[in-house]
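Since the structure comes first, as structure tokens, the remarks are kept for the end.
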Amino acid sequence: MPELPEVEVTRRSFADRIAGARIVDATLGKPLRWPLGCSLESLVGRRVTCVDRRGKYLLLRLDQGLLLVHLGMSGSLSFALNLPPSGPHDHFDLQTDRGHLRLHDPRRFGAVVWAPDDDAPVLRKLLGHLGVEPLSEVFSLADFSAGLKSSRAPIKQVLLSGKLVVGVGNIYASEALFLAGIRPTTQARRIGPLRAKRLHAAIRSVLAEAVAAGGSTLRDFQSADGSAGHFQLSAHVYGRAGAPCHTCAAPIKMVRQGQRSSFYCPVCQRP
DNA sequence: ATTCTCACCTGCGGGC
DNA sequence: TGCCCGCAGGTGAGAA
């Protein structure tokens, strides 16, 4: 479920409400991807100062240290004054004096990791190699273009790697490449200035529109306040193998790239 | 140094 | 109805 837009929509849905909250209790369910890295007791009494985002990670900043939250493939957050009793897939709960934050994650690819500060080794390991934020001014066409030139990998893989630009996952990579008219299998270095410019713009617009629409989902995405996204209604290629292209009516194709599915229009998207 | 493959885990839908 | 298989939004680790 969660690519950058879903994570950002989730952040916005509870950041203001949890800011200033004092933690009164913390509990864990089954193990997540990585260990928490601190005792649950040490979280009690801490105050949440704000919620930032880096790529697909949320950073719950505390008055001492911070909690890194990743939603993995199937994670979602809820934040409300009162939440129902924990279910079998609720694996992290943070009770505060302003509400109850909960991570629900059936597949447990997500994580909650504590770090003492922004220079902590665990943060450097998880965030250190990440590329630029696509919705910030730092995401320049010149750097993006130069980055493409230096990679022999297929453009879809380059986008997913997060080393050039963060936050583009399997759905939005396919959608952005469709908008830019580039086939996902195209070698990144073979993308010239014109197409690089189109792709740069497509990444920004597809992510920004998805954020504005409240996030996307094939199934059940909802933000921390329970509202649902509806970007899936406007997907041009993702999940549409065999269906007619919205532009030219040719059947959308699906290919496997590194264990992931890519979708493209064989007519509108050139190699 | 890049690039590729695997692994982690659960649920769901399709085919038999 | 029920079982088995393949697939699903991510990403670090380790192997080529």
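Side chains included, hydrogens not; waters and symmetry mates left out as well; all remaining heavy atoms used. Note on naming: letters A, B, ... go to the chains in the order of the sequence lines (proteins, then strands), and numbering restarts at 1 for each one.
- Phosphate proximity of C/dA13 to A/Lys125: present, with a side-chain N or O under 4.0 Å from OP1 or OP2.
- Phosphate proximity of C/dG12 to A/Tyr57: present, with a side-chain N or O under 4.0 Å from OP1 or OP2.
- The distance from atom NZ of A/Lys156 to atom P of B/dC4 is 13 Å, rounded to the nearest whole Å.
- Side chain of A/Arg108 to backbone of A/Gly72: no donor-acceptor contact under 3.5 angstrom is found.
- Neither OP1 nor OP2 of B/dC9 sits under 4.0 Å from any side-chain N or O of A/His89.
- Using a 4.0 Å cut-off, some side-chain N or O of A/His129 falls inside it from OP1 or OP2 of C/dG12.
- Taking atom P in both B/dC6 and C/dG6, one finds a spacing of 14 Å when rounded to whole Å.
- Within 4.0 Å of A/His91, counting heavy atoms only, lies no atom of the nucleic acid at all.
- Among residues two or more places apart in sequence or in another chain, the side-chain contact (heavy atoms from CB on, under 4.5 Å) test is passed with A/Ser136 by A/Glu133, A/Val138.
- Evaluation of the side chain to side chain donor-acceptor pair (under 3.5 Å) test over residues 19-35 of chain A, restricted to residues two or more places apart or in two chains, returns none.
- The shortest distance between the side-chain N/O atoms of A/Ser161 and the OP1/OP2 oxygens of B/dT3 is not below 4.0 Å.
- Between C/dC3 and B/dC9, the two P atoms lie 23 Å apart (nearest whole Å).
- If A/Arg33 and A/Ala153 are placed on DNA chain B by their nearest nucleotide, the residue sitting closer to the 5' end is A/Ala153.
- A donor-acceptor contact shorter than 3.5 Å links the side chain of A/Ser13 to the backbone of A/Ala224.
- A/Leu68 places its CG atom 14 Å from the C1' atom of C/dG12, with the value rounded to the nearest Å.
- Computed from coordinates, the A/Lys163 NZ to C/dG10 P distance equals 16 Å when rounded to whole Å.
- For A/Met73, counting side-chain heavy atoms from C-beta on, the closest listed nucleotide (B/dC4, C/dA8, B/dT3) is C/dA8.
- Across all strands, A/Gly169 comes closer than 4.0 Å only to sugar-phosphate atoms, never to a base (heavy-atom distances).
- A/Phe79 and A/Val48 fall within a single hydrophobic cluster, where Ile, Leu, Val, Met, Phe, Trp and Tyr are joined by side-chain heavy atoms under 4.5 Å apart, directly or via other members.
- Aromatic rings of A/Phe144 and A/Phe139 (six-membered ring for Trp) have centroids within the 6.0 Å cut-off, being under it.
- Heavy-atom minimum distance, A/Val9 versus A/Ser223: CG1-CB, 3.8 Å.
- Closest contact between the side chain of A/Arg256 and the listed nucleotides C/dA8, C/dG9, B/dC4 involves C/dA8.
- A sub-4.0 Å separation between OP1 or OP2 of C/dT11 and a side-chain N or O of A/His70 is present.
- In this structure, A/Trp34 places its CH2 atom 13 Å from P of C/dG10, rounding to the nearest Å.
- Atom pair A/Leu4:CG and C/dG10:P shows a separation of 11 Å (rounding to whole Å applied).
- Of the candidate nucleotides B/dC4, C/dT11, C/dA8, B/dC4 has the atom nearest to the side chain of A/Pro154.
- A heavy-atom distance below 4.0 Å to DNA chain B is reached by these residues of residues 106-116 of chain A, ordered by number: A/Pro106, A/Arg107, A/Arg108, A/Phe109.
- Regarding contacts with the backbone of C/dG9, a side-chain N or O of A/Arg260 is found under 4.0 angstrom from either OP1 or OP2.
- In the region residues 140-152 of chain A, proximity to DNA chain B at under 4.0 angstrom, judged on heavy atoms, holds for A/Ser151, A/Arg152.
- An OP1 or OP2 oxygen of B/dC6 is reached within less than 4.0 angstrom by a side-chain nitrogen or oxygen of A/Gln259.
- For A/His70 and A/Phe109, the distance between ring centers is not under 6.0 angstrom.
- Rounding to whole angstrom units, CG of residue A/Leu159 and C1' of C/dT11 are separated by 16 Å.
- As a whole-Å value, the separation of A/His104 NE2 from B/dC9 C1' is 13 Å.
- With sequence neighbours excluded, the residues forming a side-chain contact (heavy atoms from CB on, under 4.5 Å) with A/Ala188 are A/Leu148, A/Ser151, A/Ile155, A/Val158, listed by chain and number.
- Using a 4.0 Å heavy-atom distance criterion, A/Leu126 is classed as a sugar-phosphate-only contact.
- Under 4.0 angstrom from either OP1 or OP2 of B/dT10 there lies at least one side-chain N or O belonging to A/Lys30.
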Review point. Just the dot-bracket of DNA chain C, please: which string comes out with Watson-Crick or G-U pairs under 3.5 Å, [ ] for crossing, | for another strand?
Key: .|||||||.|||||||
Exercise for review: Just do the side-chain hydrogen bond (donor to acceptor under 3.5 Å, both in side chains) check on A/His89 and A/Asp105 with the steps written out, would you?
Suggested key: CA-CA 6 Å; A/His89 301 308; A/Asp105 185 7; over 6 Å; no
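- A/Lys149 places no side-chain N or O within donor-acceptor distance of the main-chain N or O of A/Arg190, the cut-off being under 3.5 Å.
- For the residue pair A/His246 and A/His236, a side-chain donor N or O sits within less than 3.5 Å of a side-chain acceptor on the partner.
- The interatomic distance linking A/Leu130 (CG) with C/dG12 (P) rounds to 7 Å, in whole Å.
- Between A/Thr185 and the options A/Gln257, A/Gln269, A/Gln157, a side-chain contact (heavy atoms from CB on, under 4.5 Å) holds for only A/Gln257.
- Between the side chains of A/His100 and A/Asn82, no donor-acceptor pair is found at a separation under 3.5 Å.
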